[in-house]
Amino acid sequence: EKKGEMQHAIQIYQKNADDGDAHSKYRMFNLIMVNKAKGFSIPKALIYLIEASQQHYGNAEVTMGGFMMRDLLKISPRDAMIMLMKGIIDGVSNAELYDITLGEIAEGYAYGRGVVKDAEFARQICLQRVKAGNAQGYLYLGLFYEQGVFGKQDAESAKKYYKAGADMGDIYCQGALDRLNSKTNK
């Protein structure tokens with residue numbers, strides 16, 4: 001009986017997906033990938049995922065970003081980053097799992113590690129994290145200003161960003177602020 005209910009649910013999701021519903025497209029992607037929707041191919045699952053992402057369905061955007069970052073889809077790191085940012089800005093809760101990765105991507109662009117150096121893009125990544133209310137954006141902005149990634153070293157701007165993150169309760173921002181204060185007060 002459960003199998004019949006599942007097949008009925010799949011039929012409803014498929015109809016709604018084919019009618020353009022982004023949530024149903026994402027559900028079909030998941031059902032195909034966990035082998036619940038028999039008779040569908042992996043490429044069809046990816047089409048559902050891509051379409052849901054193009055409709056700005058947050059979970060699909062985050063999943064796409066994760067796939068791209070793992071190089072499962074042949075899309076640039078910049079496009080992967082943009083896809084993840086959209087999901088996070090849209091408030092997708094599981095997107096926070098990617099916060100560390102986003103910091104690493106920002107660092108990669110700031111220093112040219114594995115990608116062409118693009119300090120402005122690194123700054124934009126951080127500013128998006130700040131806009132989303134995440135202290136990690138402040139931490140990386142402070143670090144980049146402190147190290148001169150955006151031009152010359154700027155301890156005052158670095159302190160400003162570290163303090164903003166520390167005011168949010170971030171212990172790493174507080175530690176960086178304390179370290180920089182002790183360094184510049186000598």
Side-chain angles (χ1 to χ4, degrees), residues 26 29 46 49-50 52-186:
Y26 185 69
F29 159 75
L46 292 174
L49 176 65
I50 291 165
S53 177
Q54 289 171 338
Q55 290 176 262
H56 305 292
Y57 187 72
N59 286 330
E61 291 175 333
V62 171
T63 302
M64 284 282 294
F67 279 173
M68 288 183 254
M69 287 172 53
R70 291 183 193 96
D71 205 28
L72 296 173
L73 301 175
K74 300 298 180 194
I75 299 174
S76 74
R78 177 174 278 224
D79 289 341
M81 179 68 240
I82 290 167
M83 197 65 66
L84 283 173
M85 293 306 298
K86 286 179 181 177
I88 291 171
I89 297 301
D90 289 344
V92 177
S93 61
N94 65 346
E96 274 70 23
L97 297 174
Y98 293 99
D99 276 344
I100 292 171
T101 306
L102 294 174
E104 290 170 0
I105 290 173
E107 273 190 295
Y109 279 103
Y111 303 112
R113 294 182 190 141
V115 293
V116 174
K117 185 176 178 177
D118 188 342
E120 183 54 34
F121 188 61
R123 182 193 330 252
Q124 292 306 313
I125 293 169
C126 295
L127 290 172
Q128 287 295 328
R129 297 308 304 130
V130 165
K131 182 179 175 182
N134 187 287
Q136 187 184 51
Y138 289 114
L139 178 66
Y140 279 98
L141 282 169
L143 178 69
F144 295 157
Y145 275 104
E146 182 180 357
Q147 295 181 349
V149 168
F150 306 128
K152 64 178 185 136
Q153 292 179 329
D154 184 348
E156 291 309 310
S157 291
K159 286 180 187 180
K160 177 182 90 170
Y161 285 111
Y162 288 148
K163 180 167 180 358
D167 288 347
M168 293 175 69
D170 187 84
I171 61 171
Y172 299 105
C173 285
Q174 185 63 58
L177 180 61
D178 294 344
R179 178 189 48 74
L180 188 56
N181 278 333
S182 70
K183 190 167 133 181
T184 57
N185 290 336
K186 288 184 176 183

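Along the sequence shown, residues carry numbers from 1.
Across all their heavy atoms, Ala60 and Ser53 have their closest contact at CB-N, 3.6 Å. Residue Lys159 comes nearest to Leu177 through the heavy atom pair O-CD1, 3.8 Å, listed as atom of the first residue, atom of the second, then distance. Here the closest heavy-atom approach between residue Ala155 and residue Leu180 is recorded as O-CD2, 3.7 Å. Heavy-atom minimum distance, Cys173 versus Ala166: CB-N, 3.4 Å. Looking at every heavy atom in both residues, Tyr162 comes nearest to Leu139 through CE2-O, 3.5 Å. Closest of all the heavy-atom pairs between Gly142 and Ala158 is O-CB, 3.2 Å.
With 3.5 Å as the limit, one finds a donor-acceptor pair spanning the side chains of Gln174 and Asp178. Under the 3.5 Å distance criterion, with hydrogens and angles disregarded, no donor-acceptor pair is assigned to the side chains of Tyr161 and Glu146. Neither side chain, Gln124 nor Gln128, offers a donor N or O lying under 3.5 Å from an acceptor on the other.
Between Asp170 atom CG and Lys163 atom NZ the span is 13.5 Å, to the nearest 0.5 Å. Atoms CG and CD, from Leu143 and Gln147 in turn, are 4.0 Å apart once rounded to the nearest 0.5 Å. With rounding to the nearest 0.5 Å, the separation of CE in Met168 from CG in Asn134 is 6.5 Å.
The environment of CZ in Phe150 is crowded: more than 12 heavy-atom neighbours from other residues, nucleotides or ligands sit within 6.0 Å.
Asp154 places a side-chain heavy atom less than 4.5 Å from the side chain of Glu156.
A cation-pi arrangement is absent between Arg129 and Tyr140, since the terminal nitrogen or guanidinium carbon is not both under 6.0 Å from the aromatic centre and inside a 45° cone about the axis.
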Intermediate values then yes/no, side-chain contact (heavy atoms from CB on, under 4.5 Å), Arg123 and Tyr145: CA-CA 10 Å; Arg123 182 193 330 252; Tyr145 275 104; 2.7 Å; yes

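For the side chain to side chain donor-acceptor pair (under 3.5 Å) test, no residue two or more places apart in sequence or in another chain qualifies with Tyr138.
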